[in-house]
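Residue numbers begin at 1 in each chain, while the letters A, B, ... track the order of the sequences. Just so you know, these numbers come straight off a predicted model, no measurement behind them.
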2 protein chains.
Amino acid sequence: MSQPIADHPFTPHDHQQCIDQAMARAEALCRRQRARLTPLRRRVLELLWQSHRPVGAYELLEQLRTGSRAAPPTVYRALDFLQRVGLAHRLASLNAYTGCCYPGESHAGQFLICRSCQASSELSSAGVSRSIRQATAAAGFSVEQQTVEIHGLCSRCRED
Amino acid sequence: MSQPIADHPFTPHDHQQCIDQAMARAEALCRRQRARLTPLRRRVLELLWQSHRPVGAYELLEQLRTGSRAAPPTVYRALDFLQRVGLAHRLASLNAYTGCCYPGESHAGQFLICRSCQASSELSSAGVSRSIRQATAAAGFSVEQQTVEIHGLCSRCRED
DNA sequence: AACAAAATGTTATAGTGTTACATATCACAG
DNA sequence: CTGTGATATGTAACACTATAACATTTTGTT
């Protein structure tokens with residue numbers, strides 16, 4: 001498994017580097033998959049990567065509207081595309097969306113979400129996946145999709 | 001940890017027994033906590049336990065309306081109460097609610113949800129909790145609430 | 001019986017997401 | 001090139017989920 005885009009989103013870092021890397025890997029991924037990263041979809045992905053805080057669809061919509069007009073389906077379709085090709089995730093417990101830190105790699109989305117700074121960090125913990133598989137296998141259940149969203153306080157916010 | 005109310009919700013069972021046990025344990029829990037299980041709240045809890053399929057708030061509302069009138073806040077307040085005292089859970093990935101199988105016991109809600117029969121099963125896997133704690137501790141994150149919702153196919157639906 | 005607290009009723013509205021259909025853009029075969 | 005089908009976007013209306021604000025009723029306690 002290669003390096004995640006943001007290894008420690010809760011700690012200070014050069015965020016422009018996250019953005020640059022995310023966009024570069026998105027370009028590469030779409031080229032490989034022959035998926036069309038149109039200007040609109042690219043713009044939405046850039047908006048998602050403005051910070052590590054998951055963003056609501058209507059918040060994205062507001063930002064899209066500076067310059068052009070846009071209606072809900074516009075942003076939802078872009079988000080659908082980004083999720084389909086594996087560039088973004090939806091966080092069900094927040095009704096919000098975030099850029100994927102492991103683009104192009106099969107992984108179960110597992111998220112830490114800080115209630116103080118609202119940033120989220122995407123995990124890809126083999127241990128968590130394994131224990132889930134074990135617990136479900138015991139019940140004869142075949143897993144197709146995992147929603148693992150852990151709310152709490154990040155290391156940085158715990159200090160304050 | 002005592003017996004869950006429904007051990008194997010995906011397999012055929014005497015469901016009336018689930019209902020009876022759920023209501024009995026709810027009565028007992030509310031008595032202990034000096035919480036008021038009013039007729040309305042009781043009715044909503046009974047509706048939740050009609051099956052193992054999580055139910056949307058507006059679906060509950062429809063059923064409440066047979067006989068009396070009711071508006072959204074009515075059902076949402078009842079659901080808030082049931083969640084507060086630990087008799088029900090909200091499934092974020094479904095926008096739906098379900099009766100709690102471990103009433104009165106502190107536990108992280110972990111759910112298996114079958115996309116075919118739509119039933120859900122509440123786990124309380126120490127292994128999953130532990131692996132989550134381990135993965136988060138490594139990141140210095142303090143967990144306050146877990147959302148673990150696993151979608152897939154239950155043993156019964158896999159056979160068909 | 002009187003009061004305060006808790007629960008419920010009522011109306012309106014906020015927030016999130018989809019349907020349906022029209023228009024525009026793109027990729028590719030001819 | 002250029003027509004054609006597939007893909008993407010625009011637009012308007014609407015469905016679903018949840019909450020706010022305030023009035024009224026019920027309950028538990030003095």
Side-chain angles (χ1 to χ4, degrees), chain A residues 26-27 30-48 53-85 87-98 113 118 147 149, chain B residues 26-27 30-48 53-85 87-98 113 118 147 149:
Chain A
E27 299 275 11
C30 287
R31 212 153 32 228
R32 272 204 306 282
Q33 296 193 8
R34 275 139 183 67
R36 289 160 61 182
L37 188 61
T38 64
L40 179 65
R41 291 163 171 178
R42 181 175 231 290
R43 178 97 188 282
V44 170
L45 185 59
E46 279 168 357
L47 290 173
L48 286 180
R53 182 178 61 85
V55 188
Y58 278 73
E59 200 177 335
L60 291 170
L61 191 51
E62 290 257 313
Q63 300 184 260
L64 280 184
R65 270 172 171 152
T66 64
S68 77
R69 50 214 155 346
T74 298
V75 67
Y76 281 106
R77 283 189 290 227
L79 289 169
D80 285 348
F81 168 84
L82 294 172
Q83 289 173 84
R84 209 163 49 236
V85 300
L87 290 170
H89 294 283
R90 176 173 191 273
L91 301 192
S93 62
L94 296 178
N95 293 336
Y97 303 83
T98 189
I113 302 159
Q118 280 147 64
T147 299
E149 301 175 13
Chain B
E27 298 275 12
C30 287
R31 215 153 29 229
R32 271 204 306 284
Q33 295 193 9
R34 275 142 182 64
R36 289 160 60 183
L37 189 60
T38 64
L40 178 66
R41 291 163 172 178
R42 183 176 230 288
R43 178 97 189 281
V44 170
L45 186 59
E46 280 168 358
L47 290 174
L48 286 180
R53 183 177 61 84
V55 188
Y58 278 72
E59 200 177 333
L60 291 170
L61 192 51
E62 290 256 314
Q63 301 185 258
L64 280 183
R65 271 173 173 153
T66 65
S68 76
R69 49 215 156 344
T74 298
V75 66
Y76 280 106
R77 283 189 289 225
L79 289 169
D80 284 346
F81 168 83
L82 294 172
Q83 289 173 85
R84 210 162 49 236
V85 300
L87 290 169
H89 294 283
R90 175 173 192 274
L91 301 192
S93 63
L94 297 177
N95 293 336
Y97 302 83
T98 189
I113 301 159
Q118 279 146 65
T147 298
E149 302 175 14

Nearest-0.5 Å distance that lies between atom OH in A/Y58 and atom OH in A/Y76 = 5.0 Å

query = With respect to the phosphate group of D/dT9, does any side-chain polar atom (N or O) of A/T74 fall under 4.0 Å of OP1 or OP2?
reply = no

message = Need to verify one output field. Residue with the more 5' nearest nucleotide on DNA chain D, A/R84 or A/R69?
response = A/R84

query = Does a side-chain heavy-atom distance below 4.5 Å link A/L47 with A/V55?
reply = no

remark   = A/R34 CZ to D/dT7 C1', in whole Å, measures 16 Å

Name the atoms and distances for all side-chain donor-acceptor pairs under 3.5 Å in residues 32-40 of chain B, with sequence neighbours left out.
residue	atom	partner	partner atom	Å
B/T38	OG1	B/R41	N	3.3

request  = For residues B/L45 and B/L87, report the shortest heavy-atom separation together with the two atoms involved.
outcome  = CD1-O, 3.8 Å

key: Pairs where residues 61-75 of chain B contributes a residue and the test salt bridge (charged side-chain N to carboxylate O under 4.0 Å, His left out) is met, not counting sequence neighbours   = none

request  = Quick one: list whatever passes salt bridge (charged side-chain N to carboxylate O under 4.0 Å, His left out) with B/R53, sequence neighbours left out.
outcome  = B/E59

Start and end of the DNA chain C segment that chain A contacts, any atom under 4.0 Å from a heavy atom = C/dT16 to C/dC26

Without placing hydrogens or testing angles, list every side-chain donor-acceptor pair under 3.5 Å for residues 91-98 of chain B, not counting sequence neighbours.
residue	atom	partner	partner atom	Å
B/S93	OG	B/E149	OE1	2.3
B/S93	OG	B/H151	NE2	2.8
B/N95	OD1	B/R90	NH2	2.9
B/Y97	OH	B/R90	NE	3.4

note = Expected string for nucleotides 14-30 of chain D under the B/S/- scheme (protein heavy atoms, under 4.0 Å, primed atoms plus P, OP1, OP2 as sugar-phosphate) is ---BBBB------S---

message = Among residues at least two apart in sequence or on other chains, which ones pass side-chain hydrogen bond (donor to acceptor under 3.5 Å, both in side chains) with B/E27?
response = B/R42

